[in-house]
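Okay, so here's the structure we're looking at.
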Amino acid sequence: MLVAKNIHFCIQSRPIVYNADLNLEPGQMTALIGPNGAGKSTLLKILSGDIACQHGQILYNGMAIKYLSSQELARIRAVMPQHSQLSFPFKVFEVVELGLLSLSVRNPQKIVKEVMEETQTWQLKDKLYAQLSGGEKQRVQLSRVLAQIWADADTPRYLLLDEPTSSLDIAHQHQVLHIASKLKKKNIGVLAVLHDLNMAAAYADHIVMLKNGNIFQSGPAAQVMTSENLFHVFEHPIEVHQSISYHGTYIQSLPINRKNVSIKIA
Amino acid sequence: MLVKSYISPKINSRNLILLGLSCILVLLGLISLSFGAFPITFTKVIQVVTGYYWGEEIVSIQDRNVLLQIRLPRIILAVLAGGALGLSGAALQGLFRNPLVEPGLIGVSSGSALFAVAYIVFGSSWTVFATLGKIGLAFFAFLGGLLNTFLVYRLSSSAGKTDISLLILAGVALNALAGALIGLAIFYADDAALRNFTFWSLGDVGGASWDKVIVLGALSVLPIGLVLGQHQALNALAIGESEAFHMGVFVQKTKIIILIGSALMVGTSVAFTGIIGFVGLVIPHLLRIIFGADHKLILPASWLAGAVLLTLADLLARTMVAPSEMPIGIIAAIIGAPFFIWLLLNIKQVRY
């Protein structure tokens, strides 16, 4: 289990993340939602070990993060940042191969092929990374991250995704979140920062709502995703419908010019 | 640890490229041995180098001395200096994640030059330094290079990202400062030190001797090995510093190895050959455009190609105006600068 206890992080004495507790269990997908500047990316960076929290601790499978080397950490958690820029003319398969850097796997070819087929990037393998479109780049980066935790292992592993669907078309958004939820079977816990509330409700088992650096609500998707909670977090009228014809939960944000109407309804 | 490349022809083509470059270097070295103010036929060169003597041409003692005491050490010095500049250029570009970085541009060379000058000018008056001799010169140049590398890195980086405009500005500022301080040192130099300095500042490999070659060679072996070993980390760093950390690279260690290794290689080269520009910039660029970006190939290939370029430049420097000589730095810049201009004009077509 990935445990974050009492996390606290300030930049110039302004708290970005304040007193956050988080448990990420293998076999579960957690979505982190919240408005811009709520501290989602900072929390993710603290969890991945990029930055050290000033108070509190992070435990990976019971081991404190500060005692794990970068290599040991790479074997149990993979991270996909929001933007990755490549500074040299690498080919696509070379980028994906890099995911296997710290691992000693027997059949690297097979893993690279499998993850690239999974993300539908195998046909791009001999292209130059710089020539890809934004969405293709994001899927290639996802392949690289997946390669890192693709091989079966007994130890629980974790995947941290920062807005993995930000530049993808609707079909690929579903594709990516489907892949992420399939990873649950591999003894992997997934944490994804998501902006699309419908996607979060449809794919995540667990929702964490972040506001002003505080965890406002955390729990199973069906319990936490309510109009009241979402209104409080985003300060914008949002309607949540439960319906079979919507295939589960359907969340709609209302246009600003109808705000008054919606508040009356609520 | 090692990720085997899953396309096996890639491994073969890499070995083939490196083998090809090595062959070019050896061949060029042998050709270079036979040309010069005192021409020696190619068959004689082969005889002296291999140690087997055959045929009717008699290898005189004069031939042997010219080859072994004058030409061979200067060619090896050119090879070592060119290799150091090429390799450190490639490694620094990878580390700074920017294809425009070069030991000369970011101030490594000028820092080394400043400390070397200080050693030449003031060193003779201190007996401690006088006994150290050439090793002391190399060590001082290394310190200067390291100091400037560290300063430039600190000035231009914040939160693990290197700002390229700050980097260039810091490099320009440090180059200007080093130039001014060199001028100041010369102002205070006595006649003997001034003569020493003038010879050194000509920036060529003409004054090569076996003890210089041995010092440079001995000081180069370790950093070359260490920097070559960073190829995977540099590949990962191309995606980003935090990404490299996520993939298990100990980023801080890589930084230290490359900064110290480059300062050591370039510093000792500068100490013996003066500042030679553009090799470190042009060579890695050329190789990336032709062979792609994998540092596993680019790092060793940069060493070999840098050595080839400087050997060629040395050959031209010795033969074009024979029996006189041109400084090798001039030839390297004459080849390098137009290429760089061409690169700037065509940067949109280059694969970035």
Side-chain angles (χ1 to χ4, degrees), chain A residues 11 44-45 48-51 68-91 93-113 116 125-131 137 140-141 144-145 147-148 159-160 162, chain B residues 1-10 90 93-101 159-162 164 230-254 284-285 287-299 348-352:
Chain A
I11 294 177
L44 209 75
K45 277 182 187 157
S48 65
D50 278 352
I51 47 181
L68 291 167
S69 71
S70 53
Q71 203 179 355
E72 286 168 325
L73 212 49
R75 291 191 181 136
I76 52 171
R77 70 100 181 78
V79 189
M80 183 172 159
Q82 262 182 52
H83 303 290
S84 293
Q85 280 183 328
L86 218 58
S87 46
F88 294 112
F90 280 97
K91 288 190 174 161
F93 72 86
E94 289 175 323
V95 173
V96 179
E97 269 182 329
L98 283 174
L100 300 167
L101 193 86
S102 300
L103 314 175
S104 42
V105 283
R106 261 179 290 122
N107 41 9
Q109 301 97 313
K110 194 166 148 261
I111 289 178
V112 169
K113 189 159 191 263
M116 290 183 81
K125 66 181 164 64
D126 289 318
K127 281 197 172 186
L128 283 169
Y129 180 82
Q131 291 170 351
K137 281 180 184 167
V140 170
Q141 291 292 347
R144 169 182 68 79
V145 171
Q148 205 176 326
L159 175 62
L160 311 175
D162 197 352
Chain B
M1 269 301 285
L2 276 173
V3 184
K4 288 189 199 77
S5 183
Y6 78 104
I7 294 180
S8 53
K10 195 175 142 194
Q93 287 175 6
L95 182 68
F96 283 98
R97 303 188 61 218
N98 196 297
L100 292 179
V101 174
K161 286 197 178 67
T162 309
I164 186 59
Q230 296 301 311
H231 60 89
Q232 275 196 330
L234 283 174
N235 280 348
L237 272 170
I239 302 183
E241 234 177 271
S242 49
E243 285 86 342
F245 165 70
H246 296 151
M247 290 186 279
V249 173
F250 191 2
V251 178
Q252 208 57 33
K253 193 181 91 183
T254 301
H285 258 295
L287 293 172
R288 280 201 198 94
I289 292 168
I290 303 171
F291 301 124
D294 189 357
H295 284 92
K296 197 167 188 180
L297 169 68
I298 292 301
L299 289 182
K348 289 183 199 103
Q349 288 143 41
V350 178
R351 312 190 305 179
Y352 290 111

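None of the values given here were measured: they were computed from a predicted structure. Chain letters run A, B, ... following the sequence lines, proteins first, then strands; residues in each count from 1.
- Listed here is the closest heavy atom pair of A:Q85 and B:R97: O-NH2, 2.6 Å.
- Your options are A:A74, A:S70, A:G99, and the one with the most heavy-atom pairs under 4.5 Å with chain B is A:S70.
- In this structure, the portion of A:Q141 lying under 4.5 Å from any heavy atom of chain B is its side chain and not its backbone.
- For B:V251, no part sits under 4.5 Å from any heavy atom of chain A, backbone or side chain.
- Taking both residues in full, the closest heavy atoms of B:A236 and A:L101 are given as CB-CD2, 4.1 Å, listed atom of the first, atom of the second, then distance.
- Checked by atom type and distance alone, the side chain of A:S87 never pairs as donor or acceptor with a backbone atom of B:N98 at under 3.5 Å.
- Interface remark: A:L73 contributes side-chain atoms only to the contact with chain B (heavy atom separation under 4.5 Å).
- The shortest non-hydrogen separation linking A:P89 to B:A293 is O-CB, 3.4 Å.
- Of all heavy-atom pairs spanning B:G248 and A:S102, the tightest one is CA-OG, 3.2 Å.
- For NZ of A:K45, the number of neighbouring non-hydrogen atoms (other residues, nucleotides, ligands) closer than 6.0 Å is 12 at most.
- Residue A:R144 touches chain B through its side chain alone, counting heavy-atom pairs closer than 4.5 Å.
- Residues A:F90 and B:I239 are not in side-chain contact: their nearest non-hydrogen atoms beyond the backbone lie 4.5 Å or more apart.
- B:H295 and A:F88 have perpendicular rings, their planes meeting at more than 60° on a 0 to 90° scale where under 30° would count as parallel.
- For the pair A:L160 and B:H246, the minimum side-chain heavy-atom distance is 4.5 Å or more.
- Comparing B:G240, B:S242, B:A244, B:A233 by heavy-atom pairs within less than 4.5 Å of chain A, the highest count is held by B:S242.
- Among the candidates A:E72, A:M80, A:R77, the residue making the largest number of heavy-atom pairs closer than 4.5 Å to chain B is A:R77.
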